[in-house]
Amino acid sequence: MKKLSRVERKMRRRRFFFRFLLLIILTFSISVLALNSDFFVIKNIDVIGNSKLTKENIISESSIKLGENIFKVSIKDGKEHLNRLSYVKDVKIKRKLPKGIIINIIERKEIIQIKEISAFLLIDIEGYVLDIVDSEDHNLPQLVGLNIKDKKPGDNVFSLEKDNEGIELIKEGHAIKLLPKIKEINMEDDGNVNIVLFNGITVAFGTLDNVKYKLGLLNTILKDVEENQRPCTMIVMNKGDNPFIVVDD
């Protein structure tokens, strides 16, 4: 390989410097053009994944506006603003060049309610308050006996460590599709949970230890009651290791 002379090395460095400078100037020029050109002005904002929140509400809360330059929009700020909404679990925002924005929302879903004086708090599977409404949702189970004083949308009703078993009860009940059958979960007695089903059966569930096993067992008992049309009025699970049913005889 031929060894370059001092003059050749100097010329090579100079060419490299001018090329690098040209690249910087070109990049800067393109950036300035992109930030000031009408070609990159936002003409449409698409929202997907929402059902509870309206498109208009999401766009408004994102602070992204039609007519803005697409490169001047702060994706980070938009996410932060939307994550403040109680119904938003996760959000992704991306640019669709040259003139579009796509907002992808993953919403929280209310699966249980808690009565507070004359209002009802709608709660998701993780215990977050999604909304406070004036009337009861007759399709949602009601949780009784939990201290929810001064809770507002975005707060978690299971914020204390001692409430972990309550979270497990709701999560496992939802996972095995048992929760929609439940009308009321009464936790007023710390050591003894009582459940009322929509079909009128009451369940003396007992303590919240080994929740997953007990809910699975309750589900099995209910399936047997339904399949064999047993006139069951009560299921007792807090009197020893072997649950039993009380029939209307």
Side-chain angles (χ1 to χ4, degrees), residues 24 26-116 118-141 143 146 148-160 163 166-167 170-171 174-175 179-180:
I24 291 176
L26 184 61
T27 302
F28 178 76
S29 300
I30 292 173
S31 300
V32 171
L33 181 64
L35 290 171
N36 293 280
S37 172
D38 290 340
F39 185 70
F40 293 105
V41 166
I42 298 173
K43 294 296 184 183
N44 61 285
I45 303 174
D46 294 325
V47 178
I48 58 177
N50 62 307
S51 59
K52 194 73 178 183
L53 299 170
T54 65
K55 176 181 177 180
E56 292 74 20
N57 187 21
I58 292 169
I59 293 174
S60 175
E61 290 294 332
S62 73
S63 297
I64 299 174
K65 298 179 176 62
L66 295 173
E68 282 188 295
N69 186 284
I70 198 170
F71 293 109
K72 291 182 179 179
V73 168
S74 173
I75 299 298
K76 180 181 178 182
D77 288 349
K79 287 181 178 180
E80 288 180 355
H81 293 160
L82 287 171
N83 277 321
R84 294 171 189 165
L85 298 176
S86 59
Y87 271 96
V88 173
K89 184 173 184 178
D90 193 19
V91 57
K92 294 179 180 178
I93 303 175
K94 65 179 183 179
R95 298 178 178 89
K96 186 179 179 182
L97 297 176
K99 299 178 183 294
I101 293 288
I102 299 176
I103 302 176
N104 191 344
I105 295 286
I106 297 178
E107 289 184 339
R108 296 184 182 276
K109 181 177 175 60
E110 60 266 18
I111 63 169
I112 202 164
Q113 61 188 330
I114 303 175
K115 186 175 182 180
E116 183 186 29
S118 60
F120 292 86
L121 279 69
L122 303 182
I123 313 298
D124 84 329
I125 195 170
E126 294 176 339
Y128 286 98
V129 180
L130 304 182
D131 200 2
I132 301 176
V133 296
D134 295 328
S135 57
E136 179 182 1
D137 187 331
H138 295 287
N139 295 315
L140 291 180
L143 184 60
L146 204 65
I148 54 168
K149 187 178 180 180
D150 299 326
K151 296 292 184 183
K152 58 185 183 299
D155 290 344
N156 196 302
V157 297
F158 295 122
S159 55
L160 301 178
D163 295 325
I167 297 176
I170 292 173
K171 285 186 174 181
H174 180 72
L179 203 60

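Nothing here was measured: the structure is a model prediction, and the numbers come from that model.
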Chemist: Working to the nearest 0.5 Å, report the span between NZ of K65 and NZ of K72.
Modeler: 14.0 Å
Chemist: Apply side chain to side chain contact (heavy atoms under 4.5 Å, CB included) to K152 and list each qualifying residue two or more places apart in sequence or on a separate chain.
Modeler: D155
Chemist: For E116, enumerate each residue passing the side chain to side chain contact (heavy atoms under 4.5 Å, CB included) test, keeping only those at least two apart in sequence or located in another chain.
Modeler: L121, I148
Chemist: Do L143 and I123 come within less than 4.5 Å of each other through their side chains, counting heavy atoms only?
Modeler: no
Chemist: Quick one: pull up CG in L140 and CG in L179 and give me the separation to the nearest 0.5 Å.
Modeler: 8.5 Å
Chemist: Which pairs pass salt bridge (charged side-chain N to carboxylate O under 4.0 Å, His left out) with one or both residues in residues 84-104, sequence neighbours excluded?
Modeler: none
Chemist: Sequence neighbours left out, what pairs pass side chain to side chain donor-acceptor pair (under 3.5 Å) with at least one residue falling in residues 47-62?
Modeler: S51-E107, K52-E110
Chemist: To the nearest 0.5 angstrom, please state how far the CG atom of L82 sits from the CG atom of N104.
Modeler: 11.5 Å
Chemist: Could you name each residue pair satisfying salt bridge (charged side-chain N to carboxylate O under 4.0 Å, His left out) that touches residues 120-140, not counting sequence neighbours?
Modeler: R108-D124, R108-E126
Chemist: Using a 3.5 Å distance criterion without hydrogens, assess whether the side chain of S86 forms a donor-acceptor pair with backbone atoms of L130.
Modeler: yes
Chemist: Using side-chain heavy atoms (C-beta onward) and a distance below 4.5 Å, is F158 in contact with I170?
Modeler: yes
Chemist: Does the side chain of I93 reach to within under 4.5 Å of the side chain of I64, using non-hydrogen atoms?
Modeler: yes
Chemist: Sequence neighbours excluded, which residues qualify as side chain to side chain contact (heavy atoms under 4.5 Å, CB included) partners of P180?
Modeler: none
Chemist: With a 4.5 Å cut-off on side-chain heavy atoms, are Y87 and L122 touching?
Modeler: yes
Chemist: To the nearest 0.5 angstrom, please state how far the CD1 atom of I59 sits from the CD1 atom of I103.
Modeler: 6.0 Å
Chemist: What pairs with S63 under side chain to side chain contact (heavy atoms under 4.5 Å, CB included), at least two apart in sequence or on another chain?
Modeler: H81
Chemist: About how many Å separate NE2 of H174 and CD1 of I111, when rounded to the nearest 0.5 Å?
Modeler: 5.5 Å
